[in-house]
Engineer: 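What follows is a structure written as structure tokens; I'll ask about it next.
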Amino acid sequence: MLTATDSRDNSAFGDGSRTMRPRIVIVGAGFAGVAAARALARSDAEVILIDRRNHHIFQPLLYQVATAVLASSEIAAPIRQLEAKQANLDVMLADVVDIDPTNRTVDALCPGIGLRKVRFDFLVVGTGTRPSYFGHDEFAAFAPGLKNLSDAEVVRTKILSAFEMAEATEDANERARQMNFVLVGAGPTGVELAASIAQMVHVTLRGNFRRIDPAASTITLIEGGDRVLPSFAPSLSNQAARRLAKLGVKVMTRVKVDRIDEDGVIAGGERIASATVLWTAGVAASPIVRLLGVDTDRAGRALVGPLLNLPAAPNIFVVGDAASLQQDGHSIPGVAQAAIQQGRYVGRLISDRLRGQDPKRPFRYWNKGNMAVVGKNFAILEAGSVRMSGFLTWFIWAFIHVMALPQLQNRWRVQSQWLWSYLTGQRSSRLVSEAPSHVDAVATAEQAKVS
């Protein structure tokens, strides 16, 4: 409960009872948004962090939730825990539905409450990305992407349900379709997800079924380009491809997907029957960026200036995957480390402005290197001229990712689960979260009898 001595007023989200301090509104509690909020911890300002979810996700490990290695709670942390540690921060659970740059207001739709108009002096937009189906949004109904915890749970349910369906069916063709997994897009997410599924079918599920052999599953990774992991050096891409082949993953390069439906995929003119098609290809910026009325690139990302703000509105900043900025002739990549650096930079820049200091130097991204894991005991690393692969790289990957998790308890849980999985091959989160209820199943059976 707020008291008379609390530095925040009881109408922090509205205009009815303003405090005298400047107000900074951050939209999106991803890597960039959280980094910006933390960088503003010592500023004499109100900071309001708005997100449609109440948790921050460590996205690099989403594929492990999708393949039952980790539980959702092990890679996420409640945003309000950040609020409890930061006196000048308020958290608001809401959907941003409109932004008025001229009057400096954000319209936020709060569940069960309604529309709230939030005033700002500075605005930071870090709303991330969503899957891009390259003009074929109809694919989304049959090929879910992997951007949040809900997506990960849907993917996990599809994968695990496929084996249950294969076990139950008497139709050999349908059994083969259920045990055929197709992933579209061979970037880091596609490669890591395919390798993890391969590990699951060959080790985790071994001996778990009476009528099927999960190891007989087919895993196909489709890539429109000429190699997997195109953002890495060709030598590392080739090593990753060889590792995928060793794991039993079939890689198809230079192949375009023409159609995705309930029966599977048509790629390169060939029908691939599959009950589980997963979209791990392109991404596009959140639609919230369009509310700013700013120029965007082909992926819908805002074209920002060197200070990461909008040319026509210097007090509005766009960071992380929602921003497009060129550096040394190349776009800054949409990775976690870039988002964190941008969020931290903007938070410190705003703090400097509030203290009347000159603006910072233009933002410059420091590339600490890119990594991808390809199954157990193998990862690749590229950092400048340094290129590594193998077990040691995998160990470095594991250490870095554990240390980057949002809370100490996440680190302990993930370490423990990884150790258990490494030693036994088992995965502790093999839950089918959307199985039909008993009532639904009975109703379906009765309807089948009638028809």
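What you are looking at is a predicted structure, and each value in this text was computed from that prediction instead of being measured.
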Engineer: Side chains of Gln407 and Gln81: any donor to acceptor distance under 3.5 Å?
Structural biologist: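 Yes, Gln407 and Gln81 have a side-chain donor paired with an acceptor closer than 3.5 Å.
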Engineer: Mind checking what makes salt bridge (Lys or Arg N to Asp or Glu O under 4.0 Å) contact with Arg254, not counting sequence neighbours?
Structural biologist: none
Engineer: For Ile380, is there any backbone N or O sitting under 3.5 Å from a side-chain donor or acceptor partner on Gln239?
Structural biologist: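 No; judged by distance alone, with no hydrogens or angles, the pair does not exist.
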Engineer: Arg301: what forms a salt bridge (Lys or Arg N to Asp or Glu O under 4.0 Å) with it, not counting sequence neighbours?
Structural biologist: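 By the salt bridge (Lys or Arg N to Asp or Glu O under 4.0 Å) rule, Arg301 matches Asp297.
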Engineer: Any side-chain to backbone donor/acceptor pair from Ser274 onto Asn180? Under 3.5 Å, distance only.
Structural biologist: yes
Engineer: Once you round to the nearest 0.5 Å, how far does CZ of Arg53 lie from CG of Asn148?
Structural biologist: 4.0 Å
Engineer: Report yes or no: do Gln178 and Thr169 form a side-chain donor-acceptor pair below 3.5 Å?
Structural biologist: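 No, no side-chain donor-acceptor contact under 3.5 Å.
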Engineer: Report the residues that fulfil salt bridge (Lys or Arg N to Asp or Glu O under 4.0 Å) with Arg177, sequence neighbours left out, ordered by chain and then residue number.
Structural biologist: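 Checked Arg177 against salt bridge (Lys or Arg N to Asp or Glu O under 4.0 Å); matches are Glu174.
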Engineer: Just one of Thr220, Leu244, Ile272 clears the side-chain contact (heavy atoms from CB on, under 4.5 Å) bar with Lys250, so which one?
Structural biologist: Thr220
Engineer: Would you say His56's side chain and Ala29's backbone share a donor-acceptor pair under 3.5 angstrom?
Structural biologist: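 Between the backbone of Ala29 and the side chain of His56 there is a qualifying donor-acceptor contact (under 3.5 Å).
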Engineer: Are the side chain of Arg80 and the backbone of Val91 linked by a donor-acceptor contact shorter than 3.5 Å?
Structural biologist: yes
Engineer: Using 0.5 Å steps for rounding, measure from the OG atom of Ser429 to the CD atom of Glu74.
Structural biologist: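 So the OG of Ser429 and the CD of Glu74 are separated by 7.0 Å.
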Engineer: Under 3.5 Å, is there a donor-acceptor pair linking the side chains of Thr253 and Glu223?
Structural biologist: no
Engineer: Can you list the residues that meet the side-chain contact (heavy atoms from CB on, under 4.5 Å) rule with Ala336, with sequence neighbours excluded?
Structural biologist: Phe31
Engineer: Flag the pair Phe391 / Phe378 as yes when at least one side-chain heavy-atom distance between them is below 4.5 Å, and no otherwise.
Structural biologist: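 No - every pair of side-chain heavy atoms lies 4.5 Å or more apart.
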Engineer: Are the side chains of Phe120 and Ile316 in contact, using a 4.5 Å heavy-atom criterion?
Structural biologist: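 Ile316 reaches Phe120 side chain to side chain.
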Engineer: May I ask you to decide whether Asp151 forms a salt bridge with Arg156, counting only side-chain N to carboxylate O separations under 4.0 Å?
Structural biologist: no
Engineer: If we count only N and O atoms by modelled type, under 3.5 Å, do the side chains of Ser421 and Gln426 hold a donor and an acceptor together?
Structural biologist: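 The criterion, which ignores hydrogens and geometry beyond distance, is not satisfied for Gln426 and Ser421.
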Engineer: Mind checking whether Ile48 and Ile24 have side chains closer than 4.5 Å, heavy atoms only?
Structural biologist: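 No - every pair of side-chain heavy atoms lies 4.5 Å or more apart.
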Engineer: Strictly distance-based, threshold 3.5 Å: is any side-chain N or O of Ser331 a donor or acceptor partner for the main-chain N or O of Pro333?
Structural biologist: no
Engineer: Do Ile26 and Ile50 make a side-chain contact, defined as non-hydrogen atoms from C-beta onward lying under 4.5 Å apart?
Structural biologist: no
Engineer: Would you say that Pro214 contacts Arg206 through its side chain, given a criterion of any heavy-atom pair below 4.5 Å between the two side chains?
Structural biologist: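 No, every pair of side-chain atoms sits at 4.5 Å or beyond.
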Engineer: For Gln199 and Thr204, which I'm curious about, is there any donor-acceptor pair between the side chains at under 3.5 Å?
Structural biologist: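 No pair is found: no donor N or O on one side chain lies under 3.5 Å from an acceptor on the other.
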Engineer: Could you pull out all residues at least two apart from Glu170 that satisfy salt bridge (Lys or Arg N to Asp or Glu O under 4.0 Å)?
Structural biologist: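 In terms of salt bridge (Lys or Arg N to Asp or Glu O under 4.0 Å), with neighbours along the sequence ignored, Glu170 is linked to Arg211.
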Engineer: When the ring planes of Phe139 and Tyr133 are compared, do they come out parallel, tilted or perpendicular, using 30° and 60° as the limits?
Structural biologist: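 Phe139 vs Tyr133 ring planes: perpendicular.
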Engineer: Please tell me if the side chains of Gln409 and Arg413 come closer than 4.5 Å, counting only heavy atoms from C-beta onward.
Structural biologist: yes
Engineer: Under the side chain to side chain donor-acceptor pair (under 3.5 Å) definition, can you give me all pairs with a residue in residues 375-384, not counting sequence neighbours?
Structural biologist: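 Qualifying pairs, neighbours excluded: Asn377-Tyr422.
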Engineer: Under 3.5 Å, is there a donor-acceptor pair between the side chain of Asp95 and the main chain of Val97?
Structural biologist: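 The answer is no, because no donor-acceptor pair under 3.5 Å joins these two groups.
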Engineer: Establish, from distance only, whether the side-chain atoms of Arg430 and Asn208 form a donor-acceptor pair under 3.5 Å.
Structural biologist: yes
Engineer: Whether Lys256 and Asp258 form a salt bridge (side-chain N of Lys/Arg under 4.0 Å from carboxylate O of Asp/Glu) is what I want to check.
Structural biologist: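 Not counted as a salt bridge, because no side-chain N and carboxylate O are separated by less than 4.0 Å.
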Engineer: Report the residue from Trp412, Trp397, Phe395, Trp394 that forms a ring-ring contact (aromatic ring centres under 6.0 Å, His included) with Trp418.
Structural biologist: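 The option that passes is Trp397.
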Engineer: I want to check something: taking the side chain as every heavy atom from C-beta on, are Val125 and Leu292 in contact at a cut-off of under 4.5 Å?
Structural biologist: yes
Engineer: Could you tell me whether a side-chain N or O of Asp261 sits under 3.5 Å from a main-chain N or O of Gly264, the two making a donor and an acceptor?
Structural biologist: yes
Engineer: Report yes or no: does Thr280 contribute a side-chain atom to a donor-acceptor pair with the main-chain N or O of Val184 at less than 3.5 Å?
Structural biologist: yes
